[in-house]
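Okay, so here's the structure we're looking at.
Residue numbers begin at 1 in each chain, while the letters A, B, ... track the order of the sequences.
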Amino acid sequence: MSCWETIADYGLRSIGIGERLLPRTDFTICQQFTLIGSGMIWNIYFGVLALAMGFCLATGIAVGKAARNPLIRKPCEWFVFLFRGSPLFIQFFLAYEALVLLPREGFEIFGITAETRWLTRAWAGALIVLFLNTSAYTAEIFYGALRSVPKGDLEAADAYGMTGWARFKRVTWPTMLRLAWPAYTNEAIFLFHATTLVFFSGFPAWQQRGDALYYANYFADKTFNPFVPYPIVAFYFIILTLGVIGLFALVNRRLNRHMPQEAKRIRYRPQMIR
Amino acid sequence: MKKLILGALALSITAGAAYAGSHSVVRMGTEGAYPPWNFINDAGEVDGFERELGDELCKRAELNCEWVTNEWDSIIPNLTSGNYDTIIAGMSITAERDEVIDFTQAYTPADPSNYLAASDDVDLMGGVIAAQTGTIQAGYVAESGAMLVEFATPDETIAAVQNGEADAVLADASFLAPIAEQNGDLMIVGDPVALGGGVGMGVRESDAELKAKFDAAIQSMKDDGSLNALIAKWEVSTQW
Amino acid sequence: MAIFSFCTDPATLETARWFVCYLTNGKHLIAYTSFGTVLLLLAITAPTALAFGFGGAIAARSRIAPLRWFGKGYTSIVRGVPDIVFFLFFVIALDQAFEWTRHQFFCPDWPDAIRQGNDFVVCQRAKLPLSNAPQWVHEVYGFLLAVLTFAIVFGAFAANVLFGAMRAVPRAQIETAEAYGMSERQAFWRVLIPQMWVFALPGLSNLWMILVKATPLLFLLGVEDIVYWARELGGTKGALFDYPHPDWRLWYFLGLLVFYLTLTRFSEIVLGRLSQRLSHGQATLAGEAQRKAAV
């Protein structure tokens with residue numbers, strides 16, 4: 001079987017397209033690269049969606065944490081503390097245990113049955129955990145940036161007569177984002193790394209559809225040789241990390257386009273790498 | 001960093017003073033999470049059928065044995081890497097494993113596998129079947145056409161059936177029997193499935209000497225009936 | 001091996017006493033010591049990783065190109081790979097590397113190949129630890145391997161932080177030192193390094209937090225840590241055990257959650273104090289604020 005055929009058979013195996021049975025004997029390097037690469041689909045899925053959703057929630061939480069009203073501030077502080085203070089490994093486990101406790105038949109709400117089974121599946125359950133987790137970390141980064149928005153910028157906004165929402169949208173938020181961006185880049189890298197934990201603690205793999213690490217584990221288990229599959233995962237992740245850094249650098253350049261030349265280069269002086 | 005390596009070296013050199021011939025101590029690797037085969041008892045020691053069997057085999061082969069536990073996932077790489085000398089962990093003899101390590105002769109006949117389910121009308125060939133990752137049962141379910149859902153530990157597979165995540169779990173009959181007995185909600189369903197070629201001890205392929213010693217010891221226990229007595233005591237499988 | 005005399009027959013005990021006996025049986029006592037294992041690992045790994053990071057940062061700044069490449073390569077490759085992937089094969093790789101080195105040293109005349117098919121066979125003297133060493137030596141060795149793996153991974157992150165911190169020290173400070181006639185080396189050790197810490201502290205604090213939260217992966221490295229015991233103790237216990245119980249892993253993991261939340265909270269407080277202390281007399285905003293408050 002040529003390598004192209006292998007790619008055709010297994011390239012999308014992680015989402016259930018292609019050959020149903022995983023290779024069982026005569027494992028080739030090509031098979032390992034293909035299947036582990038196929039698993040990367042899930043890592044990217046979890047990473048991208050959690051980051052996108054987390055970005056929105058984090059902005060809200062960061063503003064909430066900076067609020068004067070303790071009724072808003074306290075819950076935000078507790079949320080950040082809970083998710084930043086405990087290992088993701090344990091969060092996954094507890095979330096899975098809690099989600100399977102939901103009634104099997106779903107809830108009856110106003111005569112409509114709300115299904116809950118899908119929450120125990122990794123694509124939903126693990127995504128929620130990752131989403132909440134990255135929201136907490138990102139909120140802390142944004143909160144730090146929010147507090148270091150230069151006073152002068154806000155005074156200038158006042159002078160222009162901007163208030164409330166307009167001031168936040170046009171001055172505070174863009175400045176906060178610009179200040180937080182280097183640290184946020186690191187958070188994004190860490191989040192992608194964290195996606196490898198999904199099938200490792202708590203969430204089960206259905207029909208052998210898993211992420212890159214799941215397939216690496218499969219091969220390590222079948223070939224009894226950990227020195228091939230795990231470095232392949234490492235290789236994929238180095239590429240992914242470089243991609244993330246490149247993409248975030250582009251955004252960074254846009255965020256800083258009005259700044260003097262010096263600030264345009266992303267400076268890795270991580271104040272808050274995760 | 002340098003200090004660390006030096007420390008580790010110093011440690012091993014002082015220990016090296018008592019250096020002796022090959023296999024002055026035989027390290028027995030087991031999982032410690034698969035009752036009644038092997039488990040950690042309430043005192044925190046390795047216990048179970050294989051503990052008792054292993055100690056008896058070592059006595060007969062006049063070996064000085066020591067017990068260590070290792071995660072199931074990496075139990076074979078750690079053997080070939082030399083971190084311990086045998087695997088005695090309820091491991092079925094399969095062709096794939098035999099390519100990488102050697103097995104002694106089997107000390108229990110092929111233990112049939114059973115399905116455990118919450119009701120007796122589940123679809124074993126088309127439903128959702130749980131199994132532990134990396135076991136022969138997982139491979140069997142993947143090929144049977146049922147929807148395989150894999151968990152890292154045996155406990156999680158049982159939990160999956162209890163909470164309805166999976167319709168049934170496929171595992172060794174001896175592991176499931178006590179669970180079905182104690183749990184009113186769970187029952188053995190369907191016919192037993194014969195998988196694997198019995199359970200044997202794993203040794204490195206380069207370690208023919210040790211394999212011969214254990215082979216002889218197992219044979220002597222088979223011959224005098226003490227092995228059957230042990231099997232009966234721990235209810236791990238059928239008799240020889 | 002029971003602590004309390006009334007624990008001899010667990011099956012007859014009423015609930016409160018049953019729990020007292022259950023929580024003090026031999027297995028639980030071993031499990032409690034694993035909290036110490038985790039704390040000890042943190043205590044040893046943190047300075048080791050810092051040393052690695054320091055070496056990596058100096059290498060990355062070096063004028064000698066190969067050393068610089070090594071420093072940059074180390075930090076960027078290790079940072080690009082999820083720590084769990086490292087943990088899954090690195091310990092065996094390290095162990096084999098050590099044994100291979102010892103083998104070359106102790107048994108240069110060994111006739112057989114080291115790699116025989118799948119087997120990795122070194123001469124008896126090269127084994128690490130020797131196979132007849134007592135179990136505690138094996139455990140200490142496994143623990144040290146885990147420390148080394150953690151240190152290599154987190155050293156790369158520390159190198160990144162320290163590299164940034166060294167660049168953050170105002171250039172004028174070095175120029176002043178040179179104007180006072182200090183050599184490059186003197187300026188580095190007497191001016192740059194002492195001033196660097198205050199810039200490095202936020203990054204290092206975060207790194208410490210990540211390190212704390214990476215310890216649940218210790219069980220992957222073959223160390224019997226708190227997660228191993230939570231799984232082991234919480235799992236369903238049948239009639240073979242003195243204290244049978246259903247699946248209680250949820251409660252054990254909730255216990256771990258509390259442990260980690262306490263540990264991180266405690267760390268936050270200590271690191272906050274340290275930050276105050278380090279800012280003292282520094283040419284930064286916080287240092288300036290302290291100076292003004294004192295006047």
Side-chain angles (χ1 to χ4, degrees), chain A residues 43 81-82 84-91 93-94 96-98 101 137 140 144 148 182-183 186 189-190 192-197 200-202 212-213 216-217 220 223-242 244-245 267-274, chain C residues 75-93 96 118 157 160-161 163-165 167-168 199-207 209-210 212-217 219-220 226-227 230-231 247 249-250 253-254 256-265 267-268 285:
Chain A
N43 296 101
F81 174 61
L82 187 67
R84 280 185 85 227
S86 59
L88 185 60
F89 182 90
I90 289 174
Q91 289 170 19
F93 179 87
L94 291 176
Y96 180 72
E97 292 284 308
L101 290 180
Y137 278 96
E140 187 64 22
S148 32
N186 274 317
I189 296 170
F190 271 110
F192 275 103
H193 290 185
T195 58
T196 51
L197 277 174
F200 219 84
S201 62
L213 191 64
N217 215 5
T223 60
F224 309 105
N225 179 1
F227 297 122
V228 178
Y230 294 127
I232 294 179
V233 182
F235 165 79
Y236 275 120
F237 265 95
I238 288 173
I239 307 252
L240 182 67
T241 307
L242 290 177
V244 171
I245 289 176
R267 271 192 300 168
Y268 280 99
R269 196 205 296 167
Q271 297 294 311
M272 218 165 323
I273 65 159
R274 194 142 190 174
Chain C
T75 51
S76 50
I77 289 177
V78 175
R79 284 175 66 232
V81 177
D83 46 6
I84 182 174
V85 175
F86 260 103
F87 294 164
L88 279 170
F89 73 97
F90 215 63
V91 165
I92 295 186
Q96 292 193 352
N118 294 293
F157 289 100
N160 187 45
V161 172
F163 183 75
R167 292 216 302 197
F199 295 103
L201 193 69
L204 291 180
S205 312
N206 268 289
L207 203 50
M209 297 295 197
I210 306 168
V212 168
K213 279 169 276 171
T215 50
L217 296 179
F219 77 100
L220 289 179
I226 49 183
V227 172
R231 281 182 167 182
D247 189 348
R249 282 175 306 154
L250 185 59
F253 272 85
L254 280 174
L256 293 191
L257 184 73
V258 172
F259 170 73
Y260 276 108
L261 286 177
T262 317
L263 192 57
T264 45
R265 185 83 200 113
S267 307
E268 267 176 13
L285 216 73

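Checked against the 6.0 Å centroid threshold, C:Phe157 and A:Phe190 count as a close aromatic pair.
Looking at C:Val227, only its side chain comes within 4.5 Å of chain A, counting heavy atoms on both sides. The part of C:Leu220 that comes within reach of chain A is its side chain, from C-beta onward, which places non-hydrogen atoms under 4.5 angstrom from that chain. With a threshold of 4.5 angstrom between heavy atoms, A:Phe89 approaches chain C through side-chain atoms but not through N, CA, C or O. Both the backbone and the side chain of A:Phe81 come within less than 4.5 Å of a heavy atom of chain C. Both the backbone and the side chain of A:Ile238 come within less than 4.5 Å of a heavy atom of chain C. Looking at C:Leu254, both its backbone and its side chain come within 4.5 Å of chain A, counting heavy atoms on both sides.
Considering all non-hydrogen atoms of both residues, C:Thr264 and A:Gly85 come closest at OG1-O, 3.1 Å. In terms of heavy atoms, A:Pro87 sits closest to C:Lys213 at CB-O, 3.5 Å.
A distance of 9.0 Å separates CZ in A:Arg84 from CD1 in C:Ile210, rounded to the nearest 0.5 Å. Distance check: C:Asn206 CG to A:Glu140 CD gives 8.5 Å after rounding to the nearest 0.5 Å.
Listed by chain and residue number, A:Phe93 satisfy the ring pair (Phe, Tyr, Trp, His ring centres under 6.0 Å) test with C:Phe253 (two or more places apart in sequence, or in another chain).
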For residues 83-92 of chain C, which side-chain donor-acceptor pairs fall under 3.5 Å, sequence neighbours excluded?
none

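Among the candidates A:Ile90, A:Thr241, A:Asn225, A:Ile239, the residue making the largest number of heavy-atom pairs closer than 4.5 Å to chain C is A:Ile90.
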